Amino acid sequence: MCVSKAGRLVVLVSGSGTNLQALLDASADPSYGARVVAVGADRDGIEGLVKASKAGIPTFVEKLGNYPTRADWDAAIAAKIAEYDPSLVVSAGFMKILGAPTLEAFPVLNTHPALLPSFPGAHGVRDALAHGVKVTGCTVMLADAGVDTGPIVAQETVPVLPDDDEAVLHERIKTVERRLLVEIVGRMVREGWTVSGRIVRIGNQTGGEST
Ligand code: GAR
């Protein structure tokens, strides 16, 4: 897998798109090295698509329900992403598992509001809170075919406070998550990365590669 230095990002969203907005804000500075060339979603009517449109970024929506099979949707979203020739796809609150057509064609970075491998899935914040953890956080990882199982690129911790509910804790995590995602995407596109087994290293090479 080789990644050009062009830093063309396709960002996938399913909700409010605050991680997307953080990437849009960072890429306003040319020295960041990456720019969002398209935003994709699996549903209409979400704030993430509004944020993309306000920034003048092309958008596309591929709804699973519009395809006879999951495999057809997998092929369709991969084809749509390919139209924008990204060097990196960022799944930023995209609440679908991407299939082989996308994962085999592009490196995909994912972000999750918990310290993986604990609390994967759609309710990472709720599940961590219910478990009674005192520290949680966020994880940026390369996507694979599993649910939040890919090689971990970066993590940061966030405290759980006694009166937290899911929304309050998620907002505290997202403040850290946005900064971490922006930092890691920028470093990956500027410095490249390698993957050896589950170990991801950023820097000291001209492009991303898997071993
Ligand atoms: C983020 O916290 C992201 O980690 C989470 O959705 C939120 C999206 O926020 N993703 C998952 O839980 C995926 N398992 P945003 O739409 O404001 O960027």
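Read the numbers this way: they start at 1 and go in the same order the structure lists the ligands and their atoms. Every value quoted in this text rests on a predicted model; they were computed, and no experiment measured them.
Side chain of Ser91 to main chain of Leu109: no donor-acceptor pair is present (N/O by atom type, distance under 3.5 Å, no hydrogens or angles).
Atoms of ligand 1 found under 4.0 Å from any heavy atom of Lys174, numbered from 1 in the order shown, are 2 (O), 9 (O), 15 (P), 17 (O). Applying the 4.0 Å criterion to heavy atoms of Gly93 picks out, from ligand 1, the atoms 6 (O), 8 (C), 10 (N). Atoms of ligand 1 found under 4.0 Å from any heavy atom of Ser16 (numbered from 1 in listed order, with element): 15 (P), 16 (O), 17 (O). Set against the non-hydrogen atoms of Thr111, the atoms of ligand 1 under 4.0 Å away are 3 (C), 4 (O), 10 (N).
Applying side chain to side chain contact (heavy atoms under 4.5 Å, CB included) to Pro113 and the options His170, His123, Arg172 leaves one that passes, His170. For the side chain to side chain contact (heavy atoms under 4.5 Å, CB included) with Val36, the qualifying choice from Val90, Val11, Val185 is Val11, the only one to do so.
Residue contact check for ligand 1: Ser14 places no non-hydrogen atom closer than 4.0 Å to it.
The shortest contact between atom 5 (C) of ligand 1 and any protein heavy atom is with Pro113 CD, 3.8 Å. Scanning all protein heavy atoms for the shortest distance to atom 1 (C) of ligand 1 gives Glu177 OE1, 3.3 Å. For atom 7 (C) of ligand 1, the nearest non-hydrogen atom of the protein is His170 NE2, 3.9 Å.
Residues Val195 and Leu116 do not share a hydrophobic cluster, defined by chaining ILVMFWY side chains whose heavy atoms lie under 4.5 Å apart. In this structure, Val108 is not a member of the same hydrophobic cluster as Met141, with clusters built from ILVMFWY side-chain heavy atoms closer than 4.5 Å.
Only side-chain heavy atoms of Asp148 come within less than 4.0 Å of ligand 1; its backbone N, CA, C and O stay farther off.
In this structure, the side chains of Leu23 and Tyr32 come closer than 4.5 Å at one or more pairs of heavy atoms.
Polar contact check, Gly17 against ligand 1: a nitrogen or oxygen pair lies under 3.5 Å apart. Inclusion of Met95 in the set of residues having an N or O under 3.5 Å from an N or O of ligand 1 is not warranted.
We find that Lys174 and Glu177 are not joined by a salt bridge, their nearest charged nitrogen and carboxylate oxygen being 4.0 Å or further apart.
Inspection of the Gln21 and Asp25 side chains reveals an N or O donor paired with an N or O acceptor under 3.5 Å.
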